[in-house]
Engineer: 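Below is the structure I would like to discuss, written out as structure tokens.
We name chains A, B, ... by the order of the sequence lines, and we start the count at 1 in each one.
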Amino acid sequence: MAQMMYWEAIRRAHDEEMTNDPLVIAMGEDIGVAGGTYKATQGLYEKYGPERVIDTPISENGYTGLGIGASFIGVRPIIEIMSVNFAWLALDQIANSAAKVRYMSGGQLTAPVVIRSPGGTAHQLGAQHSARMEKVFMGIAGLRVVTPSNPRQAYGLLKSAVRCEDPVFINEHELMYNMRGEVPDEEFFHPLEGSEVSRQGRDVTLFGYNLSVHWCLQAAEILAREHGVDAEVIDLYSLSPLDRAGIVRSVAKTHRAVIVEEAEAPVGVGAEVMAIINEECFFELDAPPLRVSARNVPIPYSRPLEKVAIPNVGQVVERTMTLFRRRNKH
Amino acid sequence: MAQMMYWEAIRRAHDEEMTNDPLVIAMGEDIGVAGGTYKATQGLYEKYGPERVIDTPISENGYTGLGIGASFIGVRPIIEIMSVNFAWLALDQIANSAAKVRYMSGGQLTAPVVIRSPGGTAHQLGAQHSARMEKVFMGIAGLRVVTPSNPRQAYGLLKSAVRCEDPVFINEHELMYNMRGEVPDEEFFHPLEGSEVSRQGRDVTLFGYNLSVHWCLQAAEILAREHGVDAEVIDLYSLSPLDRAGIVRSVAKTHRAVIVEEAEAPVGVGAEVMAIINEECFFELDAPPLRVSARNVPIPYSRPLEKVAIPNVGQVVERTMTLFRRRNKH
Amino acid sequence: MNVMPGYVSQGARQDGYRPLSVADRKRLLREMLFARRFEERCYEAYVERKIGGFLHLYSGQEACAHGVLEAARPGHDYVITGYRDHIHAIKCGSDPRAVMAELYGKEAGVSRGRGGSMHIFDVAHRFMGGYALVGGPFPLAVGIAKGIKLKGGDEISICFLGDAANNQGTFHESLNMAKVWELPALFVCENNLYGIGTRIDRSTAVLDQYKRAAAYNIPGIQVDGQDIEAVHKAASAAVEHVRSGQGPYFLELQTYRYRGHSMSDSNAYRSKDEEKKWLKRDPITILRNRLIEENELSLDEFKTMDREIIDHIENDIVRFAEESALPSAQDVDKYVLAENDPWVRGKGEKA
Amino acid sequence: MNVMPGYVSQGARQDGYRPLSVADRKRLLREMLFARRFEERCYEAYVERKIGGFLHLYSGQEACAHGVLEAARPGHDYVITGYRDHIHAIKCGSDPRAVMAELYGKEAGVSRGRGGSMHIFDVAHRFMGGYALVGGPFPLAVGIAKGIKLKGGDEISICFLGDAANNQGTFHESLNMAKVWELPALFVCENNLYGIGTRIDRSTAVLDQYKRAAAYNIPGIQVDGQDIEAVHKAASAAVEHVRSGQGPYFLELQTYRYRGHSMSDSNAYRSKDEEKKWLKRDPITILRNRLIEENELSLDEFKTMDREIIDHIENDIVRFAEESALPSAQDVDKYVLAENDPWVRGKGEKA
Ligand SMILES: Cc1ncc(C[n+]2csc(CCOP(=O)(O)OP(=O)(O)O)c2C)c(N)n1
Ligand SMILES: Cc1ncc(C[n+]2csc(CCOP(=O)(O)OP(=O)(O)O)c2C)c(N)n1
Ligand SMILES: [Mg+2]
Ligand SMILES: [Mg+2]
């Protein structure tokens, strides 16, 4: 098992898939000559040339639609949207074309595009560069949404996304590109559906995805060390569809659930996981499920404001403990 | 109290606000000379002229952004997006400009625009004309979302939205423009926040908004007549912010909740209301809250498919009754 | 503004053009007449509530799709358009019965009844679909052109859209990319002077649409869209330009729709005078009269042709649509995602 | 392609132009020098981690904002731009201390520390903001122009953006609307030949950006953006055109940024040769040397001026930013929505 960074894992997946299939192409702003803002496509331009590694104009809806159209006839575009904030501009082609074409053509056409984009809050990038849009993509029928929490997933999810017949949105994170982790040396394809138990536990389940998985893991350590609470951590690497069975399995075991999301609460991952728990295993609950979310504000630039706008490990611990202090249901 | 149609109520609100303030303008595709696809602006072009009743090019992001820019210096644009499906194209200006400008300018600028659009599934309009996007707008901090279920609300909510300093998205419905209802003769401004008890009841709360309020009311009649179940119906005319207090008040009384939404379930109104119930009054529940939603598919054209894709009154009744048949929690 | 066609710019090579033979012109007359009758029959079916949703008819614009596609290779070249799409699909080779069945929402429809009038798809004939968002097809067409270039085929990608669609941002972004990457895309603008009820001069700063292509260094030309021979000649040069690897091309056809924008539109915004002027330039009548003048056709032959077409539509096409089955409600969840795609389960080692 | 400025098109009336006085030119020299030193000081502060987020510097382009706004009425006319916005705001009248405090994320910042470098707002001086989405300001600027027209004022709306922004759909939609409605909007394109690391010829079909305005019947001109006197002359005609009610105007300024696109960019994609060529045409040096040749300025005076500016920035501006307070975390929810807006509660009868 080689240690590599998140961006290196994404780059490796690109490279392998482009070698495997001449119709796999990469496109996006500054991904070619410049090698990509986060280096995810570094060196590919030199290796595969301008026809397959395409520096696009600043035309998000246009080049996303272009990738979708190319995918109609067998091309497998991996589209990088430099920051998820710019995806607001491309939602028309993603929602109206990519996600609906299979259905409205009665199965004749499909749009096997991969759209990758960093979708978290980094450091002081301000309101227009700090949106978290996973909730928007999860609401679009016909689109798959995955979000890697480590280099192994970043590699394996992109590999499978490229091969899959469906359009897949991959929600990455600006703060994770330099994260190190193990990636198997042998080629592999990560499942696009399901969830992963990142830590076994008995007392409460902490649900996270992408960066928040790491907050959950750190919180779990503190909960064990300082509060004797044994938390299970579930990594929801597939946000659409969500792994109903995996969610139920864990809650049926721990009887308590905390969903940790980097985004604001309204109509988000936390709400959807809570809804699934209510629908699938309400009677397993010993306490109300709760969500730890960002404040419902555009993200401020100033550091002290930004810090409190986004959830942190301390909050996860503290909010989780309320489940044990609060009166039991029966 | 005059009886008028939903479209007439919207037209009246436009007319009164445009008479009251010369900086209130209406803009959108075919709203002027043609009078508006659903007649909501009929006659205004003749009355107020082309500078204030503006037929726009087919440039959704452009003219929405134009309205937002004009609102920066005191203009009060009422922007009609002919079908909410076209709003996918305008989300950039709505989310990145209108919703964030107050925050990122430290309160110096605000975008008091009103964006109106029919946001439901009509009859056989197909996948690209049947989207329900309320969930998308509800996820945007800095934007208000209201949705009128009758002519009185259609009139009063638009009136208040025009005066309010915040950007407001008004989610209308293609199938409701010809609905008749009473609207007070005297001018009034409907609250932009809160919810309304459309029917008092003791046994279960049916939460609806826009068209689904009417499904809930019909279901309540059947539940009373055929099952002796006394259902309360809550009209969530404000989707952002949602009326937490109103939701809790009703659930604390009925101890059972059903959320009826025309949209697909994932990360929608149903999920958010369930989350609020879990957070605010979990221990009041005698049964798991449930949601009656559309199937998670692009909407098909063919009638028999479209019919089953969208929820109906029968489903509301049937699903609600499961709350009474199912074993009680204790 | 001058609402009548006429002005034709330079821009496309006209040399080596092989004019249409009499046989071709007779066939095209029949095809256009069929198109007209097909659309008018859809109108009736809509009034009878056999067809639902939005219905946009092509009557008046027949010479555009037929003239352009006659110059291309239907079934081989990729074609994409908007919601006014029945005739483009049929000219690409779609079975009119399957198109009508689609409008009836039947399982035997081209799109299995899932799409309806605005979403005719027939990938077997490389008709890549009708789309309902104005401007949506521009980037898709350019993407198909990119795919053609990557795969090294000799197909071209043809995008038919209206005049008002050119005000959408996708027009700008797509034409720029098509030129920067020199892609085999032919943009056909069917300029019928209106976007629903808004006349072009009220929404658009430049009335001659082909001139807008110059902002992307894309050659463009404006042609009388009511004269199929003029369309065919200009389109032949345009297709040759694109197929020979010289990059994208923009073809503006000046035309007119006879009916309202869709069934819900009354045309109140158009002067009867303007409509009369255009009716005088009916594409079917123009070609018919020419053939009659040349003694290649008699009025009786034409009337017989018309009767045959009407019978064929009624007894074959409409009957098929009427008699075929509706989709079953159980299939509502089909075609959202690929069915058991192996890659969804993954492969090889995993934690 | 020719990366050096020079070619200037026709298009703007040059008659009745009042050239800049010596006093004006000396003041502008000081202003541009101040801008340069201000930006370079930001660079240091960023390296010292006093400034966070993305930082885009204006060094090399000073003659653009100063030349154009000198010809307009800063503080009266509305100005909007992208993320490279510090200097535009200061030229509109913003207190440089409040701008620096904004970069430091302080409550005393122009945007109360909420915006940061990319979101300088100073509505009191009619600087309507810096926006971080490329192309986002186009429709906003046109909307402000629409508002001016409705209110009947004599202001104009000035939108400064880069060359690569012109490939965004909003450019197309906004210019078309500005012309259709004849709005008082001046579009200033600061063409520095790159969008981050992508050179204009790799992303754009038409290299001369002013030519793209023709697709909307908007007059345009291309000017040497390094010579503030040339900029001022062309801008004066452009401003006059727009203010006198003749509709929108497009002004392309050929310029160059010295530093990387933002602090995270190394400029690796540019040839040192190209950079040298442009450094020879430094806007400050050009004006300084002219004044010296005319014996209106001595090198010593210039050096003194420079020292004064550096001291001022250090002891006044940076000190202010350093010493002022950070926002309090309790205020994180402020400015999302209006505070107790009465209309939210409604008024008059309700059920
Ligand atoms: C994005 C979007 N905006 C608006 C509409 C509503 N609409 C449907 S067709 C149309 C007019 C299009 O006119 P044009 O492009 O000239 O094509 P034509 O109908 O004349 O053939 C409009 C505004 C739409 N379907 N999609
Ligand atoms: C919608 C959007 N897409 C992409 C980006 C990333 N980005 C920021 S600046 C920039 C280049 C813009 O170049 P140009 O318009 O020439 O302005 P310049 O930076 O050269 O002044 C890009 C691609 C963005 N901020 N917004
Ligand atoms: Mg048209
Ligand atoms: Mg640039």
Engineer: What I'd like to find out is whether the side chain of A/R52 reaches to under 4.5 Å of the side chain of C/L150, using heavy atoms alone.
Structural biologist: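 Result yes, sub-4.5 Å side-chain heavy-atom pair found.
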Engineer: Has the side chain of A/D166 got a donor or acceptor atom that lies under 3.5 Å from a matching backbone atom of C/L337?
Structural biologist: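 Flag not set: sc A/D166 to bb C/L337 has no pair under 3.5 Å.
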Engineer: Counting only N and O atoms by type, is there a donor-acceptor contact under 3.5 Å from the side chain of A/Q108 to the main-chain atoms of C/V110?
Structural biologist: yes
Engineer: Rounded to the nearest 0.5 Å, how far does OG of A/S105 lie from CZ of C/F121?
Structural biologist: 5.5 Å
Engineer: Heavy-atom distances under 4.5 Å only: say whether A/L157 touches chain C with side chain, backbone, both or neither.
Structural biologist: neither
Engineer: Tell me, side chain or backbone of C/K149 under 4.5 Å from chain A's heavy atoms, or both, or neither?
Structural biologist: side chain
Engineer: Over all heavy atoms of both residues, which pair between A/S160 and C/G346 is shortest? Give the atoms and the distance, please.
Structural biologist: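 Smallest heavy-atom distance, with atoms named: OG-CA, 4.4 Å.
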Engineer: Between A/S71 and chain C, which part of the residue has a heavy atom less than 4.5 Å away: side chain, backbone, both or neither?
Structural biologist: neither
Engineer: Any side-chain heavy atom of C/W343 within less than 4.5 Å of one from A/E165?
Structural biologist: no
Engineer: Between atom CD1 of A/I25 and atom NZ of C/K146, what is the distance when rounded to the nearest 0.5 Å?
Structural biologist: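 Atom-to-atom, A/I25:CD1 and C/K146:NZ are 5.5 Å apart.
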Engineer: What heavy-atom pair brings C/M177 and A/Y63 nearest, and what distance separates the two atoms?
Structural biologist: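 The pair with the smallest heavy-atom distance is CE-N, 3.6 Å.
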Engineer: Counting heavy-atom pairs under 4.5 Å to chain A, which of C/I144, C/V142, C/L183 comes out on top?
Structural biologist: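 The option with the most such pairs is C/I144.
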Engineer: Looking at every heavy atom in both C/L140 and A/S97, which two are closest together, and how far apart are they?
Structural biologist: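 Here C/L140 and A/S97 meet closest at CD1-OG, 3.9 Å.
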Engineer: Rounded to the nearest 0.5 Å, what's the gap from NE2 on A/H190 to CZ on C/R345? Could you check?
Structural biologist: 15.0 Å
Engineer: Check this for me, if you would: do A/E187 and C/K347 make a salt bridge, where the nitrogen-to-carboxylate-oxygen distance has to be below 4.0 angstrom?
Structural biologist: no
Engineer: Checking A/Q93 against chain C: side chain, backbone, both or neither under 4.5 Å from a heavy atom?
Structural biologist: side chain
Engineer: How far does CG of A/L109 sit from CG of C/D122, to the nearest 0.5 angstrom?
Structural biologist: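 Taking CG in A/L109 and CG in C/D122, the distance rounds to 10.0 Å.
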Engineer: Going from CG on A/N96 to CG on C/L133, what distance comes out if it is rounded to the nearest 0.5 angstrom?
Structural biologist: 4.5 Å
Engineer: Who wins among C/H172, C/M118, C/R112 for the most heavy-atom pairs under 4.5 Å with chain A?
Structural biologist: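 With the most close heavy-atom pairs to chain A, the winner is C/R112.
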Engineer: Between C/Y78 and chain A, which part of the residue has a heavy atom less than 4.5 Å away: side chain, backbone, both or neither?
Structural biologist: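 Just its side chain gets close to chain A.
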Engineer: Given heavy-atom pairs under 4.5 angstrom as the criterion, report whether the side chain, backbone, both or neither of A/N61 touches chain C.
Structural biologist: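 Looking at A/N61, backbone and side chain both touch chain C.
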Engineer: Relative to each other, are the rings of C/Y335 and A/Y103 parallel, tilted or perpendicular (30° and 60° limits)?
Structural biologist: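 Ring orientation of C/Y335 relative to A/Y103: perpendicular.
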Engineer: Counting heavy-atom pairs under 4.5 Å with chain C, which one of A/V162, A/I73, A/V101 comes out on top?
Structural biologist: A/I73
Engineer: What is the minimum heavy-atom distance between C/G147 and A/A70, and which atoms define it?
Structural biologist: N-CB, 4.4 Å
Engineer: What part of A/N150 lies closer than 4.5 angstrom to a heavy atom of chain C: side chain, backbone, both or neither?
Structural biologist: neither
Engineer: Taking the side chain as every heavy atom from C-beta outward, state whether A/C164 and C/V344 have any atom pair closer than 4.5 Å.
Structural biologist: yes
Engineer: Quick check for you: among C/E102, C/R126, C/H119, which has the greatest number of heavy-atom pairs under 4.5 Å with chain A?
Structural biologist: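 Sorted descending by pairs with chain A, the first entry is C/H119.
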Engineer: Is there a donor-acceptor pair under 3.5 Å between the side chain of C/R114 and the backbone N or O of A/G106?
Structural biologist: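 Pair absent, no side-chain N/O of C/R114 close to backbone of A/G106.
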Engineer: For C/I148, is it the side chain, the backbone, both, or neither that has a heavy atom closer than 4.5 Å to a heavy atom of chain A?
Structural biologist: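 Both backbone and side chain.
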Engineer: Could you check which of C/E107, C/K334, C/E339 has the highest count of heavy-atom pairs closer than 4.5 Å to chain A?
Structural biologist: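 When all of C/E107, C/K334, C/E339 are compared, C/K334 has the most.
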Engineer: To the nearest 0.5 Å, how far apart are OG1 in A/T56 and CH2 in C/W181?
Structural biologist: 6.0 Å
Engineer: Side chain, backbone, both or neither: which part of A/E186 has a heavy atom under 4.5 Å from chain C?
Structural biologist: side chain
